[in-house]
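Sequence positions, counted from 1, serve as the residue numbers for this chain. For clarity, every value in this text was computed on a predicted model and none was experimentally measured.
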Amino acid sequence: MFRKILIANRGEIAVRMIRACREMGISSVAVFSQADRASLHVQLADEAYEIGPAAARESYLNIEKLMDVARRTQCDALHPGYGFLAENPALPRACAEASITFIGPSAEAMERLGSKTSGRQVAKRANVPTVRGTLDPIEKIEDARRLASEFGFPILLKAVAGGGGKGMRLVQSAAEFDSAWRDAGSEAFNAFGDSRLYIEKYLVEPRHIEIQIFGDQHGSVIALGERECSVQRRHQKVIEESPSPVMDDSLRRAMCRAAVSLAREADYSNAGTVEFLVDANRNFYFLEVNTRLQVEHPVTEAVTGLDLVKMQIRAAAGEPLAFAWQELRPRGHAIECRIYAEDPANNFFPSPGRITSLRVPSGTGVRIDEGVYEGWTVPMDYDPLLAKLVVWAENRGEAIARMHRALDEYFVGGIKTNINLFREILSDQQFIRAEFHTHWLDAWISHHSAEVAPDPLAEEAALVAALAFHADHKHAATPPPAATHLASRLRAERRRELLDRVPQR
């Protein structure tokens with residue numbers, strides 16, 4: 001087993017990995033940018049080292065700096081988490097050159113599956129059904145226009161690299177194509193350093209269901225069941241659950257077999273996810289493979305009782321899998337909500353800033369994976385994910401009720417969050433009946449935007465924080481405009497009442 005692991009990431013996933021290492025008796029080494037000096041993962045790790053400025057390209061995306069820390073601290077393994085370099089084959093190759101074990105798939109497996117087009121080619125060889133589209137990147141816009149016309153609109157332009165909805169554009173007509181091509185390519189390059197695109201036929205109202213796979217270094221590959229990921233905003237998952245409400249034993253077996261067959265074709269090891277689209281007739285189509293641990297892995301852990309991070313570490317150390325996927329018996333129902341520092345009432349604009357107060361839910365069946373704490377300042381340089389709130393219960397109805405209770409207990413002061421939005425979504429009858437698809441939430445938000453009011457507790461906390469800031473700067477020649485605006489909204493009596501609650505300085 002490993003002695004020391006470099007955690008090449010930040011935020012809640014870094015905290016998650018550090019805790020797994022601690023439980024396994026393995027020392028952890030954290031890295032951090034200048035913006036993350038006070039972050040929770042830095043405080044929890046056994047060792048922590050600064051690797052550069054806030055810009056990810058100069059810190060978390062800099063392989064040379066990561067490997068320098070790994071060598072200096074004598075790490076014998078490196079875990080990439082998700083995002084950043086997790087799906088970049090250059091990282092496992094750099095680890096191999098430094099005789100450091102990469103906790104994830106091989107660089108070759110990443111290249112076979114990590115690129116969306118090469119993944120489609122593997123699926124074709126493994127006889128896994130795919131959505132109609134191109135199997136290779138398209139180099140010229142003239143060729144892309146012609147192919148889009150052949151497939152028929154609407155189509156999707158998708159980035160060859162990366163994921164999370166970056167570099168993806170829905171194109172409804174030929175008139176929209178050129179601008180969508182430019183925008184998708186530019187976004188893909190900024191996010192992944194790769195502007196290449198391919199075309200996929202757009203399915204009108206599919207469900208997004210993914211299969212968690214896992215392989216060891218001895219040729220065994222297993223499937224750990226499915227996750228329902230259809231509740232998405234602009235192709236970014238927002239709520240995940242397991243099992244899928246539309247799944248039956250026959251469909252589950254077929255999709256798990258397809259996922260395992262594809263992974264074996266690619267000689268895949270460690271954790272990964274095979275993503276599918278399922279149409280109204282319950283036909284499924286390969287979408288892509290995420291060659292890493294997924295953000296939503298806790299829902300699979302909740303229904304299986306497994307610890308996927310520990311399984312990753314053991315598999316990377318050469319241990320064989322202890323069971324076959326047919327032996328797995330998931331139990332109950334789990335739901336995950338992604339808690340973001342963003343303002344749903346202001347087009348989901350990021351809400352960086354200091355967390356002035358924090359109360360997290362707890363109790364039976366509640367888990368929260370977070371990388372924040374009261375008094376910490378959320379930086380504006382990275383993805384605004386604060387935490388993942390996960391609940392487990394015996395069935396879906398009880399899980400929804402438990403999530404409602406947990407959300408009611410959850411309070412983050414000083415910044416905006418999407419907590420109240422989840423309360424609204426989970427109360428919707430279509431969600432309760434599981435009558436949703438990948439485009440459902442975008443339509444729901446558009447229809448309900450005027451009805452999703454801010455959380456009154458968060459609003460009051462923001463006012464208190466603004467007044468405190470205003471009081472600190474009352475002698476400034478130009479008071480901060482945000483604080484002045486919020487202060488002016490209050491009646492004199494209410495303002496005095498809140499000012500009495502501001503700590504004296």
When you compare the side chains of [X] and [Y], does any donor N or O come within less than 3.5 Å of an acceptor on the partner?
X: Gln294; Y: Arg292; answer: yes
X: Gln212; Y: His297; answer: no
X: Glu275; Y: His208; answer: yes
X: Arg207; Y: Ser244; answer: no
X: Ser33; Y: Tyr382; answer: yes
X: Gln217; Y: Asn270; answer: no
X: His333; Y: Glu241; answer: yes
X: Asp36; Y: Tyr60; answer: yes

Please check if atom [atom1] in [X] has more than 12 non-hydrogen atoms from other residues, nucleotides or ligands closer than 6.0 Å.
X: Glu142; atom1: CD; value: yes
X: Phe431; atom1: CZ; value: yes
X: Lys201; atom1: NZ; value: yes
X: Met1; atom1: CE; value: yes

Say you draw a straight line from CD1 of Ile222 to CZ of Phe323; how long is it, rounded to the nearest 0.5 Å?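 It is 4.0 Å, given to the nearest 0.5 Å.
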For a 4.5 angstrom cut-off between non-hydrogen side-chain atoms, does Val278 reach Tyr285? no
Ignoring hydrogens, what is the shortest heavy-atom contact between Val128 and Ala258? Give both atom names and the distance.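 Closest pair (atom of Val128, atom of Ala258, distance): CG2-O, 3.6 Å.
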For Arg16 against Asp307, the heavy-atom pair lying closest together: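 Distance-wise, the nearest heavy atoms are NH2-OD1, 2.9 Å.
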Classify the ring geometry between Phe284 and Phe276 as parallel (under 30°), tilted (30 to 60°) or perpendicular (over 60°).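 Rings of Phe284 and Phe276: perpendicular, as their planes differ by over 60°.
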Parallel, tilted or perpendicular: which describes the rings of Trp440 and Phe436, with under 30° parallel and over 60° perpendicular?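 Tilted, since the angle between the ring planes falls between 30° and 60°.
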Within 45° of the ring axis of Phe286 and under 6.0 Å from its six-membered ring centre, is that where the NZ or CZ of Arg120 lies?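 No, cation not above the ring by the 6.0 Å, 45° rule.
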Flag the pair Arg169 and Glu176 as a salt bridge only when some basic side-chain nitrogen lies within less than 4.0 angstrom of an acidic carboxylate oxygen. no
